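Taking it in order: structure first as structure tokens, then the write-up.
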Amino acid sequence: MVKGQRPGGLTAALYDIHGNLPALEAVLEEIRELGVERVIIGGDVLPGPMPAETLKRLVELDLPVQFLYGNGEVAVLEEMAGRVPAGVPEQYRPILRWTAEQVAGYEELLRGWPKTVNIEISGVGQVLFCHATPRNENEPFTRLTAEERLLPIFETVGAAMVVCGHTHMQFDRRVGKTRVVNAGSVGMPFGEAGADWLLLGRNVELRHTSYDLVKAAERIRATAYPQAAEFAERNVLNPPSEQQMLALFTRAEATPSASHSS
């Protein structure tokens, strides 16, 4: 426990950073201002344009940090092992190969991340953190997904709240007796440009942090990331709207055999 930390103090949940270091830096600055005492990193730190720098920043935080893995880490680790990541379209393979090379020194760390994290938060109760769903790091759903499809997933989790990410869109909904909150994406939000994350304490707050998008785009374009210009334009400066992405995920849910990767 870090000096000054109080049991049940403020917890920040940061999901889907995707190597966007400028966005992470802005959120960490706000976290400092708010007096956050614990950070949960909810997977998909990778891949992205500044992966090693982003991991280094998180590892060196002088706050208690707990990590869990997402489908992005699974794919990068498969690439490191010389295997073809399951369900990843061929056009994304160069990104995974490049990312795996950049973070080779962090392989042991990545392999040690768990699938879920459980903590007690004062005012909320037992909270289960997962990347997509408690059973699968690559299983998408949104605020529009029918409750009957989700009940078999969440009715036996035994937690007052489940915090997830993966689809890069924030929401706060009920699935049966369980409160399910999507923290959104720090590095690749769908909707308003900026950085989305979650603050947990006696209140549950869906947060949005603004930062210098133009300067961030310049930093990203200057990297050797295989799709740096596209990432800067489509994920930082002009992200797709929530309406567009909700329509895409709704169509995907109607096609159970379709593969998903976020």
Side-chain angles (χ1 to χ4, degrees), residues 14-28 39-61 65-115 130-132 136-140 165-168 183-190 195-197 216-237 239-240 259-262:
L14 312 186
Y15 277 66
D16 296 284
I17 301 167
H18 283 288
N20 185 344
L21 182 60
L24 174 63
E25 290 171 341
V27 171
L28 292 179
V39 179
I40 308 295
I41 304 298
D44 278 18
V45 175
L46 313 169
M50 306 170 79
E53 300 93 329
T54 300
L55 279 170
K56 184 174 187 292
R57 185 73 178 84
L58 292 170
V59 169
E60 293 179 352
L61 276 179
V65 182
Q66 290 174 270
F67 296 87
L68 60 94
Y69 67 77
N71 59 295
E73 284 78 31
V74 170
V76 170
L77 287 168
E78 285 291 280
E79 196 69 50
M80 287 179 171
R83 295 188 289 265
V84 177
V88 176
E90 183 60 34
Q91 65 263 35
Y92 296 120
R93 290 291 304 283
I95 288 174
L96 294 176
R97 283 192 287 268
W98 181 85
T99 302
E101 292 170 358
Q102 300 301 306
V103 301
Y106 291 96
E107 182 175 0
E108 185 177 355
L109 171 73
L110 295 171
R111 292 197 182 281
W113 291 0
K115 183 176 182 176
C130 59
H131 183 66
N136 189 311
E137 72 279 354
N138 201 31
E139 188 170 34
H166 187 53
T167 56
H168 299 202
S185 171
V186 170
M188 295 175 63
F190 297 147
D196 292 337
W197 56 286
E218 290 174 355
R219 290 174 64 185
I220 288 166
R221 290 192 194 101
T223 70
Y225 185 63
Q227 295 183 10
E230 181 179 356
F231 190 102
E233 179 61 32
R234 296 188 181 182
N235 299 124
V236 176
L237 297 174
S259 62
H260 307 281
S261 180
S262 294

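Positions are given from 1 along the sequence. All of these numbers come straight from a predicted model, not from anything done at the bench.
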Is there a side-chain contact between [X] and [Y] (heavy atoms, below 4.5 Å)?
X: Val103; Y: Leu109; value: no
X: Leu58; Y: Val65; value: no
X: Val186; Y: Asn20; value: no
X: Tyr225; Y: Ile95; value: yes

- Item | Qualifying residues under side chain to side chain donor-acceptor pair (under 3.5 Å), relative to Glu107, sequence neighbours excluded |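 Scan of Glu107 (side chain to side chain donor-acceptor pair (under 3.5 Å), adjacent residues dropped) gives Arg111.
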- Please name all residues satisfying side chain to side chain donor-acceptor pair (under 3.5 Å) with Glu101, sequence neighbours left out, ordered by chain then number.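 Residues passing side chain to side chain donor-acceptor pair (under 3.5 Å) with Glu101: none at all.
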- Message: For the backbone of Ile40 and the side chain of Tyr15, can you confirm whether one donor and one acceptor N or O come within less than 3.5 Å of each other?
- Response: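 Here the side-chain-to-backbone pair does not exist.
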- Query: If you draw a 6.0 Å radius around CZ in Arg93, do more than 12 non-hydrogen atoms from other residues or ligands fall strictly inside?
  - Reply: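 Check passes, neighbour count above 12.
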- Mutual orientation of the aromatic rings belonging to His166 and His131 [parallel < 30°, tilted 30-60°, perpendicular > 60°]: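 If you compare the ring of His166 with that of His131, the planes turn out perpendicular.
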- Message: Ring-plane angle category for Trp113 and Phe67, please: parallel below 30°, perpendicular beyond 60°, tilted otherwise.
- Response: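 Judged by the thresholds at 30° and 60°, the geometry between Trp113 and Phe67 is parallel.
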- Task: Rounded to the nearest 0.5 Å, what's the gap from CG on Asn71 to CG on Leu46? Could you check?
- Result: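 Reported value, rounded in 0.5 Å steps: 11.0 Å.
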- Message: If I compare all heavy atoms of Met188 with all of His18, which pair ends up nearest, and what's the gap?
- Response: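 Result for this residue pair: SD-CG, 3.4 Å.
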